[in-house]
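Notes for the one structure printed next.
Ligands are counted one by one from 1 in listed order, and the atoms in each one are counted from 1 as well.
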Amino acid sequence: MRTSSLLSIAVLFASSAWAQSPAAPGRLSVRWEELTAADFRDAITRAQGTCLLPFGIMEKHGPHLPLGNDLLNVRHVSLDAAQQEYAVVFPEYYFGQIFEAKHEPGTVAYSRGLQLQMLQETTDEMARNGCKRIIIVNGHGGNNSLLPYFAQTQLETPHDYVVYVQGLARSGPGEPKHRSNPATDMHAGESETSMSMIARPDLVRLDRASQESGADQGRVKLPDGLYTGIWWYARFPNHYAGEGAVASRELGEFEVKTWINAVVQSIRAVKADQESLRLQNEFYERSKHPLGTPK
Ligand SMILES: [Zn+2]
């Protein structure tokens, strides 16, 4: 009894110390699912309400990478970044846009309406639990239109939290020279395979990377700026774009480091952002009576 009440006093002191100094990493897990309910409260305080939602997918990744490649990579990056700059990381999430791979085995493609509803209810639930600054870390190119649309449509109705979207950020200054054409290195190619060689080397079957072609078949010719949904299948029907076989750990290390740094910078920027929520609230208020908005 005595020991346990001393212990709870110690825990109390420790948790208020964490709340004041965001340093002292390692004591609280960054993983939502690993925290106890009481630790979760401390974690949200320490994170200043900042949470990451790493967003992956289940889809074919050429002949040589696992179906959950994007999920595995984006979680590798997000968990490392959150350990450097504390944030709470939401569990595995892969309910994104992937209709273009429905013809390949292992693809999980939820309907359009469910993708948006699932994401809205997820961020609503995160916010209800104190995540007032939510960074969706996108690991899947097929979400590149979905996520800005989702963030933009947060203006539809009032929310007491802000959604930010952090995209893929694998390249930057000082990048090792690529061995394949970067213009068509888009899916399970040199770049992505290199990254997987760092995040989950045990799952990369580099010897199989040439079993299929990742070449651009260019079967539909349209002017720039004219979009159609079948564009991807028209170019890359094997759901493979690039040359995974020329991947290297050297490039992968650079990419992982670059992306982690980008996420760390985003977490810091989001913690410092006092304006977005204030302006959202002002906007929601004014949008109730637009004729009263000052000229
Ligand atoms: Zn991918």
Side-chain angles (χ1 to χ4, degrees), residues 52-81 92-110 115 119 136-148 165-171 175 178 180-206 208-216 229 231-233 235-249 251-260 262-263:
L52 304 185
L53 176 54
F55 200 148
I57 204 79
M58 287 299 145
E59 58 167 336
K60 177 183 176 182
H61 271 83
H64 60 295
L65 295 176
L67 296 168
N69 193 73
D70 291 352
L71 181 66
L72 297 167
N73 285 357
V74 77
R75 289 191 65 80
H76 178 86
V77 164
S78 299
L79 290 165
D80 194 299
E92 273 82 358
Y93 192 93
Y94 52 89
F95 316 111
Q97 191 298 120
I98 188 52
F99 297 124
E100 65 274 27
K102 277 183 84 173
H103 62 306
E104 299 286 5
T107 301
V108 181
Y110 292 96
Q115 290 167 34
L119 190 52
I136 301 175
V137 185
N138 185 26
H140 167 55
N143 285 339
N144 285 349
S145 300
L146 172 73
L147 292 177
V165 179
Q166 166 68 55
L168 288 152
R170 293 192 292 236
S171 57
E175 190 168 353
H178 288 233
S180 63
N181 179 5
T184 48
D185 181 14
M186 296 162 77
H187 184 65
E190 179 183 0
S191 181
E192 192 169 28
T193 304
S194 296
M195 168 134 203
S196 305
M197 286 169 78
I198 303 303
R200 286 302 301 272
D202 56 315
L203 298 178
V204 178
R205 314 273 187 260
L206 209 57
R208 300 186 197 169
S210 304
Q211 284 177 359
E212 290 175 13
S213 168
D216 186 354
W231 76 273
W232 175 263
Y233 182 80
R235 292 181 65 180
F236 307 106
N238 295 331
H239 207 56
Y240 179 23
E243 296 175 56
V246 298
S248 70
R249 286 186 56 88
L251 179 59
E253 262 154 25
F254 176 89
E255 293 179 323
V256 169
K257 194 164 55 106
T258 304
W259 197 4
I260 290 170
V263 177

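At a cut-off of 3.5 Å, with distance as the only test, a side-chain donor of E190 or S180 sits close to an acceptor on the other residue.
When distances from the Zn ion (ligand 1) to the N, O or S atoms of E192 are compared, OE2 comes out shortest. No other N/O/S atom of D70 lies as close to the Zn ion (ligand 1) as OD1 does.
One of the N, O or S atoms belonging to H61 lies under 2.8 Å away from the Zn ion (ligand 1).
Partners of H239 by ring pair (Phe, Tyr, Trp, His ring centres under 6.0 Å), not counting sequence neighbours, listed by chain and number: H187, W232. Remark: H64 engages T193 in a side-chain hydrogen bond (donor to acceptor under 3.5 Å, both in side chains) (not counting sequence neighbours).
The distance between the ring centers of H103 and Y233 falls below 6.0 angstrom.
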